[in-house]
Amino acid sequence: EDDVPDYSGTVTQALTLLVNGQPVAAPTTIASGWQRTDIAVSAARWRAGVNRLVLEFAYEARPSDVSGSSDARLLAAAVDAVTIVPAVAQ
């Protein structure tokens, strides 16, 4: 998991989570490197059947522009997993 390039020369990334086409919260700042990010989504945002979940990132960069890599793809983030779990009553 340490194979993520160092993008420290780029701007701070921001993530907006959309559920069924609607943002569920203000953009979340994402630090460089692997991390866990939790975003609570109210039950009212989900509908019976199929739901569409979109991770929208504010910025993208080419690894070749920031890390000396030959990779010229525009990339925004590395995502290992997305997990959806029911909210825990408080």
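Leu74 belongs to no hydrophobic cluster with other residues, because no ILVMFWY side-chain heavy atom falls under 4.5 Å from its own, directly or through intermediates. Cluster partners of Leu18 are Val54, counting Ile, Leu, Val, Met, Phe, Trp and Tyr whose side-chain heavy atoms approach within less than 4.5 Å, directly or via other members.
Applying the side chain to side chain contact (heavy atoms under 4.5 Å, CB included) rule to Val79 yields the partners Leu55, Phe57, Val82; only residues at least two apart in sequence or on another chain are considered. Partners of Ala40 according to the side chain to side chain contact (heavy atoms under 4.5 Å, CB included) rule, which considers only residues two or more places apart in sequence or in another chain, do not exist here. Every residue two or more places apart in sequence or in another chain that forms a salt bridge (charged side-chain N to carboxylate O under 4.0 Å, His left out) with Arg73 is listed here: Asp71. For the side chain to side chain contact (heavy atoms under 4.5 Å, CB included) test, residues two or more places apart in sequence or in another chain that qualify with Tyr59 are Val11, Gln13. Under the rule for a salt bridge (charged side-chain N to carboxylate O under 4.0 Å, His left out), Asp65 has no partner lying at least two apart in sequence or in another chain.
Under a cut-off of 6.0 angstrom, the local environment of CZ in Arg52 is sparse, with at most 12 non-hydrogen atoms contributed by other residues, nucleotides or ligands.
The stretch residues 17-40 participates, sequence neighbours left out, in these salt bridge (Lys or Arg N to Asp or Glu O under 4.0 Å) pairs: Arg36-Asp38. Sorted by first and then second residue, the salt bridge (Lys or Arg N to Asp or Glu O under 4.0 Å) pairs involving residues 19-33 (not counting sequence neighbours) form an empty list. Residue pairs meeting the salt bridge (Lys or Arg N to Asp or Glu O under 4.0 Å) criterion with at least one partner in residues 13-35, sequence neighbours excluded, do not occur; the list is empty. Sorted pairs that involve residues 11-22 and meet salt bridge (Lys or Arg N to Asp or Glu O under 4.0 Å), not counting sequence neighbours, are lacking altogether.
Looking at heavy atoms from C-beta onward, Ile84 lies in side-chain contact with Leu53 at the 4.5 angstrom threshold.
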Give every donor-acceptor pair under 3.5 Å between a side-chain atom in residues 22-30 and any protein atom, sequence neighbours left out.
none

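Taking both residues in full, the closest heavy atoms of Asn20 and Arg47 are given as OD1-NH2, 3.1 Å, listed atom of the first, atom of the second, then distance.
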